[in-house]
*Asks:* 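Dropping the structure in here first, questions after.
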Amino acid sequence: MCGIVGYIGHRNAYPVVIKGLKRLEYRGYDSAGVALLNGGLKVHKKKGKVADLEEATLGKNLDGNVGIGHTRWATHGEPSDRNSHPHVSNNGELAMIHNGIIENYASIKQELINNGYQFHSDTDTEVLLNFIEDIKINNQCTLEEALRIALRRIVGAYCILLIDQNDPETIIAARKGSPLVIGIGKGEHFLASDASPIIEYTKEVVYVNDYEIAIVKADELILKNLGNEKQTPFITKLDMELAHIEKGGYDHFMLKEIFEQPQTIYDCLRGRLLPEHDEIVMRGIDNHIDSFLKASRIVMVGCGTSWHAALIAEYIFEELCRIPVEVEYASEFRYRNPVINEGDVIIAISQSGETADTLVALESAKEKGAFIFGVVNAVGSSIARLSHAGAYTHAGPEIGVASTKAFTGQLAALTMMALKIGYKKGTLNQERYTQLVRELYAVPEKVKEILTDTSHIKKIAEKYASASDFLFLGRGYNFPVALEGALKLKEISYIHAEGYPAAEMKHGPIALVEETLPVVFVATHDSYYEKIVSNVQEIKARKGKVIAVATEGDQQISHMADDVMFVPACDEIIAPLLSVIPLQLLSYYAGVAKELDVDKPRNLAKSVTVE
Ligand code: M6R
């Protein structure tokens with residue numbers, strides 16, 4: 001989704017802004033632009049990549065210590081130079097960039113047209129900008145005051161940066177529902193949609209809250225609410241290194257992130273899972289254990305890969321804690337007026353912590369009295385802050401658009417939570433608890449084993465990369481893993497893929513099976529094993545090609561399948577943490593074989609900040 005960068009201070013703003021936009025490229029975008037204050041307002045924008053913008057600005061005067069830049073992911077109006085941000089107001093004095101959607105822009109636009117305004121783009125952003133200008137002129141007020149009035153009138157979500165050629169010492173920013181981080185330097189400030197453009201300059205940041213306006217000067221940061229009352233900026237220290245957001249010798253971020261998993265899963269367990277004491281320490285759970293013990297149901301909400309993590313957690317929580325769990329797509333949950341009772345526990349799962357659908361679902365559940373527990377990767381993100389309590393997944397920044405290490409981080413955190421709650425509740429006996437604590441502790445080493453040699457997975461991917469469709473099948477804990485495998489393959493290789501519970505195959509999808517259809521079975525040794533072996537036979541009988549994820553040493557599956565990817569033996573509750581790894585690699589190598597941009601697949605955004 002759109003990326004926002006701003007700089008004000010003693011440096012030349014243009015290189016800082018351009019570098020920042022490149023750091024945000026992973027979010028997905030289709031055009032880019034910058035505005036600089038340099039004895040007047042200079043705006044450059046271009047459809048395409050940041051590199052295209054750089055090329056278009058070669059030889060131009062790019063001086064100036066104040067700059068704002070934007071990567072746009074089109075919502076209102078096609079990707080084009082004219083729809084790119086920054087937009088300039090009708091009198092040519094103001095420039096603005098915006099991430100989000102102004103829902104009531106059409107009526108405001110009509111009002112402005114009636115007042116003689118002209119529009120040069122199809123965007124809602126240009127409407128908001130001219131609305132601010134109109135208020136400023138009519139009320140003869142400051143830009144800050146005009147912005148405040150405008151924001152009270154608009155409906156929707158925004159993170160905006162605004163500059164005025166008459167005030168070359170200020171950037172004004174505001175947010176509601178779309179993230180904004182401000183980095184505090186010495187005599188300089190950095191503004192961005194997330195911390196990645198800021199980290200190389202400073203580790204001290206302020207996360208701006210919804211309904212706050214920031215007045216940012218080189219050596220001053222003032223935060224106010226929409227009622228013009230000053231707010232105290234809360235400075236947070238970033239726990240992130242530059243190396244975390246660079247490729248470190250790997251061809252792609254996705255590959256780097258897949259290979260980081262032994263470490264990231266370990267980081268998630270570290271200090272929490274203490275096998276030597278048979279203990280799990282999770283402060284978010286410890287402090288709110290009664291909410292979980294008394295819960296008559298748990299509702300888990302998320303989108304995409306995070307929704308798949310919730311599906312696996314549903315099986316684990318019901319088995320270990322005997323609490324009914326419902327798993328909801330955040331977007332559907334929000335809009336179908338769900339029944340939420342006081343005392344319900346909502347577990348929100350999100351890598352970015354900024355997914356608009358999840359955020360909005362939580363806001364309404366919170367209003368209805370639910371207890372919100374966030375399982376989030378991005379520290380300080382909106383969902384983390386909205387939750388009553390939570391557990392960070394500690395996977396570190398995930399740059400590849402396809403979620404990999406964040407998914408296994410979610411599974412590790414959710415499994416620990418279920419173990420802890422089940423044990424406290426008495427639905428999980430000591431012996432099984434101890435066994436599962438040890439099994440979970442062994443996961444990083446087992447993932448390392450899978451990653452020791454991935455050349456056979458690469459060969460399998462290359463063999464099937466020209467297929468037009470794939471089926472992914474699994475049962476029990478491995479059924480959501482099949483869904484995740486299908487999603488990964490679609491995202492990265494653009495091959496159409498469907499995931500199903502293996503038994504559902506007979507109720508329809510089996511009609512698709514023929515010699516050219518690869519069917520991936522997630523068939524590790526578990527209590528569903530015999531059943532899934534029968535399903536494999538059903539596919540083989542119809543000449544489908546079977547690729548299996550199986551437990552090391554499994555001769556039976558090896559003989560039946562055309563290709564096998566092995567994972568180490570483990571308890572079935574832990575299995576998804578291992579069985580998903582070969583599927584991540586399968587889709588990665590298929591995408592590479594098709595020479596696709598695996599880190600930035602077409603049409604996708606890393607952080608989906610619009611509903
Ligand atoms: O940041 P979130 O976990 O809330 O994101 C949810 C989905 O948008 C995300 O998982 C998406 O499906 C990924 N592209 C999956 O690889």
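Remember, it's 1-based here, ligands and their atoms both numbered in the order they're listed.
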*Asks:* Ignoring angles and geometry beyond distance, decide whether Thr358 reaches within less than 3.5 Å of ligand 1 through its nitrogen or oxygen atoms.
*Replies:* no
*Asks:* Tell me: protein heavy atom nearest atom 1 (O) of ligand 1, and distance?
*Replies:* Ser352 OG, 2.6 Å
*Asks:* In terms of residue, atom name and distance, what is the protein heavy atom nearest to atom 2 (P) of ligand 1?
*Replies:* Thr355 OG1, 3.2 Å
*Asks:* May I ask you to decide whether Asp357 forms a salt bridge with Arg334, counting only side-chain N to carboxylate O separations under 4.0 Å?
*Replies:* no
*Asks:* For ligand 1, which part of Lys488 has a heavy atom less than 4.0 Å away: the side chain, the backbone, both, or neither?
*Replies:* side chain
*Asks:* Is it the case that over 12 heavy atoms from other parts of the model lie below 6.0 angstrom from the NZ atom of Lys256?
*Replies:* yes
*Asks:* Identify, by atom number and element, the atoms of ligand 1 in contact range of Gln351, meaning under 4.0 Å from any of its heavy atoms.
*Replies:* 1 (O), 2 (P), 3 (O), 4 (O)
*Asks:* When you check the gap from the basic side-chain N to the acidic O, do Glu200 and Lys19 get nearer than 4.0 Å?
*Replies:* yes
*Asks:* Which atoms of ligand 1 are found less than 4.0 Å from any heavy atom of Ser306?
*Replies:* 2 (P), 3 (O), 10 (O)
*Asks:* Determine whether Glu504 and Arg475 make a side-chain contact, defined as any pair of heavy atoms from C-beta on separated by less than 4.5 Å.
*Replies:* no
*Asks:* Looking only at the aromatic ring of each residue, does the gap between the centers of Trp307 and Tyr329 stay below 6.0 angstrom?
*Replies:* yes
*Asks:* Could you tell me whether Asp52 and Lys47 make a salt bridge, using a distance below 4.0 angstrom between a side-chain N and a carboxylate O?
*Replies:* no
*Asks:* Starting from atom 13 (C) of ligand 1, locate the nearest protein heavy atom and write down its residue, its atom name and how far away it is, to 0.1 Å.
*Replies:* Glu491 OE2, 3.4 Å
*Asks:* For atom 9 (C) of ligand 1, which of the options Val401, Thr305, Asn377, Ile492 provides the nearest non-hydrogen atom?
*Replies:* Thr305
*Asks:* Could you work out, with side-chain contact (heavy atoms from CB on, under 4.5 Å) as the rule, every residue matching Arg283, not counting sequence neighbours?
*Replies:* Asn287
*Asks:* Could you check which of Gly302, Ala356, Cys303 puts a non-hydrogen atom nearest to atom 6 (C) of ligand 1?
*Replies:* Cys303
*Asks:* So for ligand 1, is Gln410 a polar contact partner (N or O within less than 3.5 Å, distance only)?
*Replies:* no
*Asks:* Taking only heavy atoms of Ala402, which atoms of ligand 1 are found under 4.0 Å from at least one of them?
*Replies:* 16 (O)
